[in-house]
Amino acid sequence: MAVEADTAVQDEGLGGGNGSGRQEMHAGLPAVQMATRRPSWSVCRLTHLDTSDYYGAHLVNGLIREALHPYRDGLHIATKVGARRSPDRGWPVVLSRRELIRAVQDNLEHLGLDALDLVNLRMTDTLEPADIIEPFTVLAELRDQGLIRNLGVSNVSMDQVRTAQEIAPVVAVQNHYNIAHRLDDSLVDWCARQGIAFVPFWPLGGFRPLQLQVLEDVAADLGASARQIALAWLLHRSPTICLIPGTSTREHLAQNIEAADIQLPAAVLAALEEPVPVI
């Protein structure tokens, strides 16, 4: 999927927010290094990393730089601004002009980049279109200055996406979406018509992993894992969906890559469309 002329993103990437502590993140570094440097994998689908400087309060970006800098050609890093991690493990809003500029500068510094490929503006506690105008305008100005190449939005309504588009091009929408959480079905379809990437966060359920009987049944029939079926369903769901499953081990990495090759027959897709009871 093309965004800026020199930036191409395909259907699978890695999520960098899986761990919150240094020990957890260091455990995941071999998987990140393997995914982005092993030739047989890096030339196919793994073209982007999703991160943020507020993951682990600067920790994740520093470890990504430690593991991968200088970054190989064709690897693109998407980051988010609009929140921060508080000592009580909350996510307070950070949307003032000064805070957003500082957040972009922090991402640049900790990742070791001169410009960020994609910055998603994370909205919180509001779906009102008017509320996105001021913060998105700040990021659009930073884009004009060459510090950001592409802009996206996260945790947003369709009306907020449309409002943002009136300020600057929106190339990606990152919202909570998976086979069991489908409040954004209409937004997924709208993004596909617009050629906008839809990047579901928590594609495997987030803090509460998906536990659906239909996934277990389909996985058993196809010789795959339930998490692979959940990812494969997302890729079948829309041509503009890009995946960023949290990946902290080599095993998860291999499973995630293999999920992109799973073909779901029409009967299976129909079964996955039916209401799915929790195990």
Side-chain angles (χ1 to χ4, degrees), residues 3 7 9 13-29 31-33 35-36 47-71 75-125 132 134-143 145-156 171-176 199 201-202 206 242 244-248:
V3 281
T7 308
V9 176
L14 300 178
N18 216 32
S20 59
R22 176 166 289 274
Q23 183 176 0
E24 291 172 293
M25 282 305 302
H26 269 300
L29 287 184
V32 174
Q33 291 170 324
T36 56
T47 59
H48 67 292
L49 290 174
D50 180 81
T51 184
S52 177
D53 209 50
Y54 58 69
Y55 289 160
H58 316 309
L59 175 63
V60 174
N61 280 353
L63 293 176
I64 287 174
R65 180 176 182 176
E66 175 186 330
L68 302 177
H69 196 277
Y71 307 110
L75 175 65
H76 304 292
I77 299 178
T79 189
K80 284 182 288 297
V81 297
R84 65 178 176 83
R85 194 64 159 153
S86 63
D88 62 357
R89 301 180 67 81
W91 299 98
V93 175
V94 177
L95 291 174
S96 72
R97 180 180 185 84
R98 179 184 61 81
E99 290 168 327
L100 289 171
I101 291 174
R102 177 59 186 270
V104 169
Q105 292 172 339
D106 284 347
N107 275 278
L108 288 168
E109 176 184 350
H110 295 134
L111 288 168
L113 293 169
D114 296 323
L116 299 168
D117 286 325
L118 171 62
V119 174
N120 289 309
L121 175 64
R122 181 184 189 271
M123 299 298 292
T124 306
D125 300 330
I132 203 171
E134 184 174 346
F136 197 77
T137 297
V138 174
L139 296 186
E141 292 172 358
L142 296 178
R143 176 180 178 269
Q145 295 171 22
L147 298 179
I148 301 171
R149 295 192 179 97
N150 298 282
L151 295 175
V153 288
S154 179
N155 238 21
V156 291
V171 305
V173 173
Q174 188 176 113
N175 276 12
H176 181 193
V199 186
F201 65 77
W202 292 346
C242 295
I244 52 167
T247 306
S248 59

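Reckoned from all heavy atoms, side chains included, excluding hydrogens, waters and symmetry mates. Heads up: numbering here begins at 1 and tracks the sequence. Because the structure is a prediction, the values reported are computed rather than measured.
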> What do the steps show when you test Asp53 against Asn61 for side-chain hydrogen bond (donor to acceptor under 3.5 Å, both in side chains), and what is the final call?
Replying inline: CA-CA 6 Å; Asp53 209 50; Asn61 280 353; 3.0 Å; yes
> What pair of heavy atoms forms the shortest contact from Ala103 to Val81, and how long is it?
Replying inline: CB-CG1, 3.6 Å
> Hey, is the main chain of Ser154 close enough, under 3.5 Å, to the side chain of Asn120 for a donor-acceptor pair?
Replying inline: no
> Taking Ile148 as the fixed residue, which of Leu118, Leu108, Leu142 is the one that meets the side chain to side chain contact (heavy atoms under 4.5 Å, CB included) rule?
Replying inline: Leu142
> Where do Leu95 and Arg122 come nearest, in terms of heavy atoms and distance?
Replying inline: CD2-O, 3.9 Å
> Do any N or O atoms from the side chain of Asn107 and from the backbone of Ser52 form a donor-acceptor pair under 3.5 angstrom?
Replying inline: no
> Are the side chain of Arg65 and the backbone N or O of Glu109 linked by a donor-acceptor pair below 3.5 Å?
Replying inline: yes
>> When you compare the side chain of Trp202 with that of Ile244, does any pair of heavy atoms fall below 4.5 Å?
In response: no
>> Any non-hydrogen side-chain atom of Ile132 less than 4.5 Å from a side-chain atom of Met123?
In response: yes
> Where do Leu68 and Leu49 come nearest, in terms of heavy atoms and distance?
Replying inline: CD1-CD1, 3.4 Å
> Looking at CG of Leu139 and CZ of Arg97, how far apart are the two atoms once the value is rounded to the nearest 0.5 Å?
Replying inline: 10.0 Å
>> Please give me the minimum heavy-atom distance between Gly146 and Ala115, naming the atom from each residue.
In response: O-CB, 3.4 Å
> Any side-chain heavy atom of Ile101 sitting closer than 4.5 Å to one from Val138?
Replying inline: yes
>> Quick one, Arg84 and Arg102 - any side-chain contact, counting heavy atoms below 4.5 Å?
In response: no
> Do Gln174 and Asn155 have side-chain N/O donor and acceptor atoms under 3.5 Å apart?
Replying inline: no
> Looking at OG1 of Thr79 and CG of Asp117, how far apart are the two atoms once the value is rounded to the nearest 0.5 Å?
Replying inline: 11.0 Å
> Hey, mind stepping through Glu141 and Thr137 against side-chain contact (heavy atoms from CB on, under 4.5 Å) and telling me if it holds?
Replying inline: CA-CA 6 Å; Glu141 292 172 358; Thr137 297; 3.8 Å; yes
> Does the side-chain contact (heavy atoms from CB on, under 4.5 Å) test come out yes or no for Ile64 and Tyr71, once each step is laid out?
Replying inline: CA-CA 10 Å; Ile64 287 174; Tyr71 307 110; 4.2 Å; yes
> Using 30° and 60° as the class limits, which term best fits the ring planes of Phe201 and His176: parallel, tilted or perpendicular?
Replying inline: parallel
> Would you say the side-chain atoms of His69 pair up with the backbone N or O of Leu111, donor to acceptor, closer than 3.5 Å?
Replying inline: no
> Is a side-chain donor or acceptor of Tyr54 paired with a backbone partner of Lys80 at a separation under 3.5 angstrom?
Replying inline: no
> Could you give the distance from CG (Leu147) to CG (Leu113), rounded to the nearest 0.5 Å?
Replying inline: 11.5 Å
>> Nearest 0.5 angstrom please: Leu63 CG to His110 NE2, how far?
In response: 11.5 Å
> Could you go step by step and tell me if Leu121 and Leu100 meet the side-chain contact (heavy atoms from CB on, under 4.5 Å) rule?
Replying inline: CA-CA 9 Å; Leu121 175 64; Leu100 289 171; 4.1 Å; yes
> Does any non-hydrogen side-chain atom of Ile77 lie less than 4.5 Å from one of Leu116?
Replying inline: no
